[in-house]
Amino acid sequence: MNVKLRYTVILRDARGRVVRRYTRRSRSFVVGFLRHLRAMLGSMGETANDTAGVSRAVTIPNSLATPWGDADGPLNVDTYGIVVGTGTAAESINDYALATQVAHGNGAGQLEHLASIIDAVVVSAPSASFKVRRTFNNNSGGAIVVNEIGMYVQTRESIPTTRYYCVIRDLLAAGDSIPNGGAYQVAYTIQITV
């Protein structure tokens, strides 16, 4: 079996017209992804750095409603789901956060975070895939250049303590400048092929 990860970016101007659209292969699952997967598969303890860089216990008790990692960040929430940033640091397997994440909001340097959406699994033998996507609106009063994208999940360290972890981080080949009034959509597609 082969696991592939790719991302698609759609940049719209203030009138809603698509000015840039591209799809690239992602090579940036980070170690936080594997640590969560291992904890889930064996219901065993694991440790991972949260988005603040603090080593935390990742225990997946069977009683949690969100057993592995919730990536469907709701409207106006920037702590989990697909995230974007302005940082330009090289990718590393040990990344635990974006270099410089763009916060939610409508002020200078901020983007409005719409809800992350997780689509249904699509099976088209010999492959199957699903997509996680999120749109960001720029109402900041100026252009914002996105250089990095990723995905954060929320996991409960112990009830009721919620922690946030980076599982994907990609540095874009060239920054995407979102104009004031524009929109930016990022979609990650995870695909398996036998």
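Any value given below was found using the heavy atoms of this structure, including those in side chains, with hydrogens, waters and symmetry copies removed.
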Between the side chain of [X] and the main-chain N/O of [Y], is any donor-acceptor distance below 3.5 Å?
X: N106; Y: Q110; value: no
X: E148; Y: G87; value: yes
X: R134; Y: I82; value: yes

Inset, instruction - Check the hydrophobic clustering (I, L, V, M, F, W, Y; side-chain heavy atoms under 4.5 Å; chains of links allowed) and say if V153 and F29 are grouped together. - result: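 Same cluster.
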
Taking all non-hydrogen atoms of both residues into account, name the closest pair between [X] and [Y] and its distance.
X: C166; Y: I168; result: SG-O, 3.3 Å
X: L111; Y: V84; result: CD1-CG2, 3.7 Å
X: D78; Y: Q101; result: O-NE2, 2.7 Å
X: L5; Y: Y188; result: CD1-CD2, 3.7 Å
X: A14; Y: N180; result: CB-O, 3.7 Å
X: A183; Y: N137; result: CB-OD1, 3.5 Å

Do [X] and [Y] get their side chains close enough for a donor-acceptor pair, meaning under 3.5 Å?
X: D176; Y: Y184; result: yes
X: Q185; Y: R133; result: no
X: D170; Y: S28; result: yes

Enter the distance from [X]:[atom1] to [Y]:[atom2] here, rounded to the nearest 0.5 Å.
X: F33; Y: D95; atom1: CZ; atom2: CG; answer: 15.5 Å
X: K131; Y: Q191; atom1: NZ; atom2: CD; answer: 11.5 Å
X: T23; Y: I10; atom1: OG1; atom2: CD1; answer: 8.0 Å
X: R24; Y: I149; atom1: CZ; atom2: CD1; answer: 10.5 Å

Legend entry - Candidate pair Y152 and Y96, rule side chain to side chain contact (heavy atoms under 4.5 Å, CB included), full reasoning: CA-CA 9 Å; Y152 291 173; Y96 56 83; over 6 Å; no

Legend entry - Residues E91, R169: salt bridge by 4.0 Å N-O rule: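 Salt bridge flag = no for R169 with E91.
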
Inset, instruction - Apply side chain to side chain contact (heavy atoms under 4.5 Å, CB included) to Y165 and V30, showing your working. - result: CA-CA 10 Å; Y165 299 89; V30 295; over 6 Å; no

Inset, instruction - For atom CZ of R20, decide whether the heavy atoms of other residues, nucleotides or ligands shown that lie under 6.0 angstrom number more than 12. - result: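 Yes.
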
Inset, instruction - Count the heavy atoms of every other residue, nucleotide or ligand shown that sit under 6.0 Å from OH of Y164, and state whether that count exceeds 12. - result: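 Enclosed.
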
Legend entry - Side-chain touch I178/L11, heavy atoms, less than 4.5 angstrom: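 Yes - at least one pair of side-chain heavy atoms lies under 4.5 Å apart.
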
